[in-house]
Amino acid sequence: MDWVRTHYCGDLRAANVGDKVILAGWCQTRRDHGGVIFVDLRDYTGITQVVFKMEISADAHQEADRIRNEFVLAVSGTVAHRLEGNINPKLPTGEIEVLVDTLELLNPSQTLPYQLEDRDEVDEKIRLTYRFLDLRHESLQQNLMLRSQAMQIVRNYFTSEQRFFEVETPILTKSTPEGARDYLVPSRVSPGMFYALPQSPQLFKQLLMVSGFDRYIQIARCFRDEDLRGNRQPEFTQIDLELSFTRPEEIFGIIEGMFARLFRETIEVEVPTPFPRMSYQEAMDRFGSDAPDLRFGLELQDVSDIAAQSELKVFGEVIAKGGLVKAICVPGGSDFSRKDLDDLTDFARIYGAKGMAWIKRNPDGWQSPIAKFFSAELQDQLNDRVGLNVGDLVLFCADTPKVVHDTLGNLRKELARRRGLVDDSVYKFVWITDFPLFEYSETDQRWASTHHPFTMPNLDDLKQHAESDPGKIRSVAYDVALNGVEVGGGSIRIHRQDIQNRVFQLLQLSDEEIETKFGFLMRALSYGAPPHGGIALGFDRIMMFLLKTDSIRDVIAFPKTQRASCLMTDAPSEVETSQLDELHIRVKASAQAS
RNA sequence: GGGGUUGUAGUUAAGUUGGUUAUAACGCCGGCCUGUCACGCCGGAGGCCGCGGGUUCGAGUCCCGUCAACCCCGCCA
């Protein structure tokens, strides 16, 4: 029998009594009752679920009797009856009735490992093992369809509207141990040598600028061998672009245009542009985060000077060591119970805080374990500083600036969640600018790049602080954050060999290391590289926003587990010794699975 | 590397202060039913209680270890 896919069921729904229909698709028997078989014939491609009743001949029934659950079949028949009106919109069985002449079982299904409609209650371990069945579920189908649509919109925007040039860069490339851990690929032809999978196409796109492709775009797969999170997979997709002769403002405008169009054309949300700009310093001071969530207040207040005058020893000690005392005022927060405060203290400890002081302002004054260390005058000062009114609560963190910002930045988000201040129908973008060029790495005992080593430093800062305090050098780097999540980051790049060399020196790379790791880049810069810059956006994270999900696995067809394995294919797995021999590799005995 | 949650039929769960043969629903298998739509009725099968130790007369239950999934810290230029 010739058959057609069920996405022509749209036509079936329009069909009249007496019309001949031929269709095929996944079906589920609802009931097998005498000569009538009740079938859900689902159209996965079009996402409309067509449920109808088939009356089948004795021959066809014999065939149908063998099939029970999730199967694929083709039927030809006649529309016998249509019920008027929509009796049950959720289960419109019988709305269309087909009298079946022939029924061909294209492929039976064995009993399903779980009932597909129960997806939301089934352990994710099982769904990942049977991901091909999980993907039959309407929600994942819709997610991936929107992803496809979003990718189309983005590609169109850049290549048609903005005249960007799409170029593919290598997947087998050179290891650059700066930054994330590389995934390595052994070379067969060059014994003992390894390729790396790209952490990003960063250097290739810069080289394309040197080549004269003034506007580059790639929707690029990137690989980082670091531990996973709810919003982090070891391979992920980046919207990667680079422009020559550009300034940050030009890039901001292009990206704002992309987001506005993407949000409008996918979820019909108007995103106001331009996005606000905020320096890194301001973001840290006010929100304790370089990706502040601007949907609510609860800003951090520096109270170090007031705390220093109190008689509480720890405050004084922290400040003497160059630390900070900062506070968050929670309006109406005096209704927090002792247990709430204990929970919040535990929460604070996650980020390294040693404890958490708090003050409730009641009508008769402060209620607080630390009230006695503050004179009446100091209490007034503090009330004014943080806006502590009757009925409010203040939470303190006293520690190094890093711990204070980390703790209060996260506590701020947690408080907003608890008090229902987070509106997930609102999308607040913000550009964060002027990142520090370097961060000190305690583990490596040296300065490390905040973004990457190719970021253009603020040249005045470089001149002034390179010797004395590299931590004070700002860079021409920027992130775009959405509702407290970093969704992209970029910079103007170094296009001059001498500046690049200087930065490598500050990163304590020897001349030999510079040559072996980045010789090709240094050569490229020496041939008249144009000023250039760009940005990379996390496509998966953007999809998470469009689809309002907290799990990146909901926006990726075949995701990895937290241990970076694939439960469906059982990757990674052992390989034949002969394969290893070809690669000149031997696995340490200690690493062999038992 | 560290902290937390979870792990019992195919699935989702219950399982008391440690005590007979480990429950239920859905699913599955067999039978009945020509208008169901969470159909109904009768019958049945299905368990290394994640795995390994230990305590105990006795462990699904207590202790130690371990594995896996998820969340988080570190990490993610």
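In what follows, chains are A, B, ... by sequence order, proteins preceding strands, each numbered from 1.
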Answer yes or no: does a side-chain N or O of A:T561 lie under 4.0 Å from OP1 or OP2 of B:rA69?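 Answer yes for this pair, as a side-chain N or O of A:T561 is under 4.0 Å from OP1 or OP2.
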Is there a side-chain polar atom (N or O) of A:R553 under 4.0 Å from OP1 or OP2 of B:rC71?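 So the side chain of A:R553 is within the cut-off, an N or O lying under 4.0 Å from OP1 or OP2 of B:rC71.
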Under a plain distance cut-off of 3.5 Å, with no hydrogens placed, do A:K326 and A:H405 share a side-chain donor-acceptor pair?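 Checked: A:H405/A:K326 side chains pair up, N/O donor to acceptor below 3.5 Å.
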Regarding A:R493 and A:S491, do their side chains bring together a donor and an acceptor under 3.5 Å, going by distance alone?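 Side chains of A:R493 and A:S491: pair found under 3.5 Å.
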Atom [atom1] of [X] to atom [atom2] of [N]: distance rounded to whole Å?
X      : N      : atom1 : atom2 : result
A:N410 : B:rC72 : CG    : P     : 11 Å
A:E226 : B:rC73 : CD    : C1'   : 14 Å
A:Q562 : B:rG74 : CD    : P     : 14 Å
A:F236 : B:rC76 : CZ    : C1'   : 9 Å
A:N231 : B:rC72 : CG    : P     : 7 Å
A:R417 : B:rC71 : CZ    : C1'   : 12 Å
A:Y351 : B:rC73 : OH    : C1'   : 8 Å
A:R563 : B:rC70 : CZ    : P     : 10 Å

Hey, does [X] reach any base, or is it just sugar-phosphate, or nothing, if we go heavy atoms under 4.0 Å?
X      : value
A:A180 : sugar-phosphate
A:T450 : sugar-phosphate
A:F454 : nothing
A:D406 : sugar-phosphate
A:S565 : sugar-phosphate

Can you tell me whether the side chain of A:R224 and the base of B:rC76 have a donor-acceptor pair closer than 3.5 Å?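 Under the 3.5 Å cut-off, the side chain and the base do not form any donor-acceptor pair.
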Between the base of B:rG74 and the side chain of A:R229, is there any donor-acceptor pair under 3.5 Å?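 Yes, the side chain and the base share a sub-3.5 Å donor-acceptor pair.
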If you look only at pairs with a residue in residues 472-486 of chain A, which of them pass as a salt bridge (charged side-chain N to carboxylate O under 4.0 Å, His left out), with sequence neighbours excluded?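 Counting only pairs at least two positions apart or across chains, the salt bridge (charged side-chain N to carboxylate O under 4.0 Å, His left out) contacts touching residues 472-486 of chain A are A:D461-A:R474.
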Watson-Crick or G-U wobble mate for [N], both contacts under 3.5 Å:
N      : value
B:rG18 : none
B:rU55 : none
B:rC70 : B:rG4
B:rG43 : B:rC29

Test salt bridge (charged side-chain N to carboxylate O under 4.0 Å, His left out) applied to A:R523 and A:E515, step by step: CA-CA 9 Å; A:R523 273 186 289 286; A:E515 175 52 34; 3.2 Å; yes
Hey, what are the protein-to-nucleotides 10-15 of chain B N/O distances that come in under 3.5 Å?
{"from": "B:rG10", "atom 1": "O2'", "to": "A:P113", "atom 2": "O", "distance (Å)": "2.4"}
{"from": "B:rU12", "atom 1": "OP1", "to": "A:D123", "atom 2": "N", "distance (Å)": "2.7"}

